[in-house]
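Values below: all heavy atoms of this structure, side chains included; hydrogens, waters and symmetry mates excluded.
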Amino acid sequence: MTGSLWRANQPLSSNDEIVSQNADIVIAVMGVTGAGKSSFIASVTGRKDIRVGHDLYSETSEVKSYPFSHGSTNYVLVDTPGFDDSSISNEEVATKILQWLESSYRSGTRLNGIIYIHDIKKSRMQGSAYKNMRLFSQLCGDGALGNVILATSFWDQIKESVGAKREHELKTSKNFWANMVAKGSEVVRIRPDRSVYLGVLERIAAKNKVDLLVQKEMVEQKKKPEDTTVGKNAMSRSSEIRKFEETLENEKKAEKRILQEKLKEGQKAHEKEMKQLRTEQEKSQREAQQSQRRAEKEHKRNVREDRRQMQQEQRTIEESIR
């Protein structure tokens, strides 16, 4: 590729016009934050200026293109912001990706394929990741799924048997990748080895260029991003999520009210029980006091009676003596 097409060692942002020749292999790299997208691109291009994140904060906040050559093939790897980033919403990520896809399509750039990277260390695909995969599939459209490679990363950080089990579930479950695989998507394992990464790129390089469904909808059918298939579903899913969150919040409030009512009822029952206990204690004390007073009176009567009898006996004795 000539220098007139690319600025040397300078990534192209989403605002740059990408002009590619038919021989150029243009590949977008997508996935959730932390899956290894930037690491993949940095390793395969040999670039030292690509920052690699190691937490929930993406090092890629904009769509950037990195050209490099391998053998006689000129590649362009497009790094995209990651979904599920703590610092940017999925809606913002989707907007940036859609803007790049539209502008690149208008400028004549055609993708050869997309690499979607998934962290195999994840014990299960989270709800948000599942939603993102559905949106990703709709973004591509059935006709472009044959140009998609689903790459599982971090195999060096997990037991082979555990990773294989998770990989099998991803490939065979209709909730995950089964439908995409059935329509031509490939599932590959990637390890931190440049030759492995290049092998993945060569798989896509062998494919014809492809137009994504969302690109044709936005450019050829002149639809707004929110009116595209993926846009409608994204908004619908966002609406569902908001409703779900509102429902959860209402349920939490209801549970809190119920708990507070139960606590009040429990407090009232406790106070009633304590009052009843005090009443019974007071009653017992009164009865004990009454019993004590009766016993004292009885004792006094007995003493008086004993004294009277003694006096009577004494008088009887005195009279008999006389």
Side-chain angles (χ1 to χ4, degrees), residues 32-34 53-58 83-92 119-134 154 157-159 161-166 168-170 173-176 235-322:
V32 300
T33 294
H54 299 284
D55 48 33
L56 295 179
Y57 295 93
S58 174
F83 290 104
D84 291 349
D85 189 346
S86 299
S87 61
I88 183 174
S89 70
N90 283 345
E91 286 74 14
E92 290 178 276
D119 182 357
I120 198 65
K121 298 197 313 299
K122 300 293 185 182
S123 58
R124 63 185 179 86
M125 186 175 284
Q126 300 171 339
S128 58
Y130 168 58
K131 179 197 73 172
N132 293 336
M133 282 305 307
R134 287 187 59 190
F154 295 112
Q157 299 181 27
I158 190 174
K159 287 184 178 180
S161 58
V162 176
K165 183 178 180 180
R166 294 175 185 172
H168 177 74
E169 182 181 7
L170 290 169
S173 173
K174 291 183 178 180
N175 290 328
F176 302 134
M235 289 192 299
S236 174
R237 293 294 295 176
S238 296
S239 177
E240 289 177 11
I241 291 173
R242 284 193 294 271
K243 289 181 181 179
F244 179 66
E245 290 175 344
E246 290 174 0
T247 300
L248 282 180
E249 185 63 26
N250 291 334
E251 289 178 353
K252 287 180 181 178
K253 290 180 180 178
E255 289 176 359
K256 186 177 181 180
R257 285 195 299 270
I258 292 173
L259 180 59
Q260 289 175 337
E261 291 173 359
K262 287 183 177 179
L263 288 173
K264 288 181 180 179
E265 291 175 0
Q267 183 67 24
K268 288 180 180 178
H270 177 69
E271 291 175 354
K272 182 178 179 181
E273 185 177 349
M274 292 300 295
K275 183 178 180 181
Q276 184 177 355
L277 181 60
R278 286 194 296 269
T279 301
E280 291 176 354
Q281 288 177 336
E282 292 172 355
K283 181 180 179 182
S284 296
Q285 289 176 351
R286 287 195 301 271
E287 290 176 348
Q289 291 172 351
Q290 291 172 355
S291 296
Q292 184 176 359
R293 285 195 292 270
R294 285 195 296 269
E296 290 174 350
K297 288 181 180 179
E298 183 67 22
H299 176 68
K300 289 179 180 179
R301 281 197 299 269
N302 291 335
V303 170
R304 286 195 299 270
E305 181 63 23
D306 289 344
R307 186 179 297 169
R308 187 187 65 77
Q309 289 181 359
M310 288 177 65
Q311 290 174 349
Q312 180 65 35
E313 290 176 355
Q314 186 175 2
R315 284 195 296 271
T316 301
I317 291 172
E318 290 175 352
E319 288 175 357
S320 63
I321 293 173
R322 286 198 299 267

Practice item. To the nearest 0.5 angstrom, please state how far the CD atom of Gln276 sits from the NZ atom of Lys283. Key: 10.5 Å
Exercise for review: Starting at NE2 of His270, measure out to CG of Leu263 and round the result to the nearest 0.5 Å.
Suggested key: 13.0 Å
Review point. Can you name the closest pair of heavy atoms from Ile158 and Ile120 and give their distance?
Key: CD1-O, 3.6 Å
Point to revise | Least distance between heavy atoms, Gln157 atom then Lys121 atom | key: OE1-CD, 3.5 Å
Check your understanding: NZ/Lys264 to NZ/Lys262 distance, rounded to the nearest 0.5 angstrom?
Key -> 15.0 Å
Revision key, fill the gap. Interatomic distance, CD@Glu261 vs NZ@Lys268, rounded to 0.5 Å, equals 9.5 Å
Review point. Within a reach of under 6.0 Å around CZ of Arg293, are more than 12 heavy atoms found that belong to other residues, nucleotides or ligands?
Key: yes
Review point. Nearest 0.5 Å, what's the OG-CD distance between Ser291 and Glu296?
Key: 11.0 Å
Practice item. Give a yes or no answer on whether the side chain of Ser173 reaches the backbone of Leu170 with a donor-acceptor pair at less than 3.5 Å. Key: no
Point to revise | Nearest-0.5 Å distance, CE of residue Met274 to CD of residue Gln267 | key: 10.5 Å
**Study point:** Ile317 vs Gln314, side chain to side chain contact (heavy atoms under 4.5 Å, CB included): CA-CA, chis, key distance, verdict
**Key:** CA-CA 5 Å; Ile317 291 172; Gln314 186 175 2; 5.7 Å; no
Check your understanding: How far apart are the C-alpha atoms of Gln312 and Arg315, what are their side-chain angles, what is the distance that settles it, and do they pass the side chain to side chain donor-acceptor pair (under 3.5 Å) test?
Key -> CA-CA 5 Å; Gln312 180 65 35; Arg315 284 195 296 271; 2.8 Å; yes
Exercise for review: Taking the side chain as every heavy atom from C-beta outward, state whether Phe176 and Glu169 have any pair of such atoms under 4.5 Å apart.
Suggested key: yes
Check your understanding: Got Arg304 and Arg308 here, is their nearest side-chain heavy-atom distance under 4.5 Å?
Key -> no
Check your understanding: With a 4.0 Å cut-off, would you call Glu298 and Arg301 a salt bridge?
Key -> yes
Review point. Any side-chain heavy-atom pair from Lys272 and Lys275 closer than 4.5 angstrom?
Key: no
Check your understanding: Any side-chain heavy-atom pair from Lys256 and Leu259 closer than 4.5 angstrom?
Key -> no
Point to revise | Gln309 and Glu313 side chains, donor-acceptor separation under 3.5 Å | key: no
